[in-house]
Asks: 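Sharing a structure, written as structure tokens. Questions coming.
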There are 2 protein chains.
Amino acid sequence: MDRRQEILEAATKSFSLFGYKATTMEQIAKIANVGKGTIYTFFENKEVLFQEIVLRIITEMKQEATKVIKEDASFQENAYAALMKMLEFRDTHQLFAKIIAEEQEWRTPAVKQVKAQIEQAIVSFIKQKIDKYMNLGEVRQVNSELVAYLLLKGYLAFVNDWNLTHEKPLTEQEITDFFQDTIFQSLII
Amino acid sequence: MDRRQEILEAATKSFSLFGYKATTMEQIAKIANVGKGTIYTFFENKEVLFQEIVLRIITEMKQEATKVIKEDASFQENAYAALMKMLEFRDTHQLFAKIIAEEQEWRTPAVKQVKAQIEQAIVSFIKQKIDKYMNLGEVRQVNSELVAYLLLKGYLAFVNDWNLTHEKPLTEQEITDFFQDTIFQSLII
DNA sequence: AAATGACTAGAAAACCATTTTGGTCATCTA
DNA sequence: TAGATGACCAAAATGGTTTTCTAGTCATTT
């Protein structure tokens, strides 16, 4: 495999496992089986490398979400399916959880920025979908940006915060059904 | 005025202005015009004093919310009025904002605990109201705890987080209208 | 021409001396 | 003499200094 790819995979692994701050360039180089200097022939610096990885994951998530959205299905059905799919990432991509945790703990500027970037990307993705169904007349006229924002923040609250104050975490099913039952429900005409 | 009250007011002022950590017992004593030792004749320690103050504010908020809820009004109307009332506290009680900021910045255990306590109190208050209207048949059968949780987290997201990534903060009106339009809307039968 | 790792500057961590502060209690005063 | 007080103390926080670590460079190697 080409070196660039090796580096990306090693870095992804390390960032996901240890977070941004605790990942050293030397460690990445070791995992990728390259010299440290090599990394810098492909990526300007640590931050750019990190951003590239995050961008890749966002892209992957968008693709996955898009994949489950069926043209002939209703907004309700598609919203449900997409949300379910996103929840699958809960386990696989510890990276986001790590980023959020790290932002709280160390306030690393790079991490803060990337977190905002992710948030922005997700919100605009959701907004776009809502707008589409608004134009199709399936969804009421609402402030789609606020709805998207609420969906993201609500999602994160249930996935990340809920456990902090409650015994058992919510299942994917519970979360999805709940959203279905409240927010999505309120949107359709 | 009695010393206990003086102390409570001084402490409230100081906690609100400087946060938990940056408020010293000596400072409170000075503002309250009492000796430091006197504080300890009324309150076991700094943490207990803090909790008492928070408890008072929560109680006050509950009372205010209860006051605007009219027996003969609909769920929609009451939810709207209560939410509006709560938003008034946004400016008046900087304390909660301080607590949240401090929790992020220093991770003081007492602060963390109090934050969870506030959250719990608010959620159970909202839940109780929803349950009431569910029993009255005005609100659909939903998981009222999840709804309450979403309302709180959504509220906090719009009031606190929104500004971090957006130019102009949302007005009370916008937030309330939005909730009215989505979540509350979805709850009524 | 591309890869490398020894090297460096600057950032972070560890350390430690000094100061601050929550909490106590012997003394004071009304 | 009951309640208030502030000097006092142990423990924690602060801040300044030294040491260690690491992102990024570049002369050398392959």
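Just so you know, these numbers come straight off a predicted model, no measurement behind them. Quick note on labels: first sequence line is chain A, next is B, and so on, each numbered from 1.
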Asks: Evaluate A:V142 against B:F178 for side chain to side chain contact (heavy atoms under 4.5 Å, CB included), listing each step before the verdict.
Replies: CA-CA 8 Å; A:V142 290; B:F178 174 70; 5.7 Å; no

Asks: A:I28 CD1 to D:dT22 C1': how many Å, rounded?
Replies: 12 Å

Asks: Using the six-membered ring wherever Trp is involved, compare the ring planes of A:F50 and A:Y20 and label them parallel, tilted or perpendicular (cut-offs 30° and 60°).
Replies: tilted

Asks: Please check if atom CD in A:E26 has more than 12 non-hydrogen atoms from other residues, nucleotides or ligands closer than 6.0 Å.
Replies: no

Asks: Can you tell me how far P of C:dG22 sits from CD of B:Q27, to the nearest Å?
Replies: 9 Å

Asks: Would you kindly give the CG-to-C1' distance between A:D2 and C:dA3, to the nearest whole Å?
Replies: 15 Å

Asks: Find the distance B:N33:CG to D:dA4:C1' and express it as a whole number of Å.
Replies: 13 Å

Asks: Shortest non-hydrogen contact from A:N45 to A:Y40?
Replies: CA-CE2, 4.0 Å

Asks: Respond yes when some side-chain nitrogen or oxygen of B:K21 is under 4.0 Å from OP1 or OP2 of D:dT14, and no when none is.
Replies: yes

Asks: Just the rounded figure in Å: distance from P of D:dA23 to OH of A:Y20.
Replies: 8 Å

Asks: For B:S186 and A:S186, test the side chains for any donor-to-acceptor distance below 3.5 angstrom and give the result as yes or no.
Replies: no

Asks: Separation of B:R4 atom CZ from D:dA4 atom C1', in whole Å?
Replies: 17 Å

Asks: Using the side-chain heavy atoms of B:K36, tell me which of these nucleotides is nearest: D:dG24, D:dT22, D:dC8.
Replies: D:dC8

Asks: With the side chain of A:R3 defined as its heavy atoms from C-beta on, choose the nearest nucleotide among C:dT4, D:dT5, D:dT22.
Replies: C:dT4

Asks: At under 4.0 Å between heavy atoms, what does A:T23 touch on the DNA or RNA strands: base, sugar-phosphate, or nothing?
Replies: sugar-phosphate

Asks: The side chain of B:M25 lies closest to which of these nucleotides: C:dG23, C:dA3, D:dT5?
Replies: C:dG23

Asks: Nearest-Å distance, CD (A:E26) to C1' (C:dA11)?
Replies: 16 Å

Asks: Check the distance between D:dA13's P and B:K46's NZ and give it to me in whole angstrom.
Replies: 10 Å

Asks: OP1 or OP2 of D:dT5 versus the side-chain N and O atoms of B:T38: is any pair under 4.0 Å?
Replies: yes

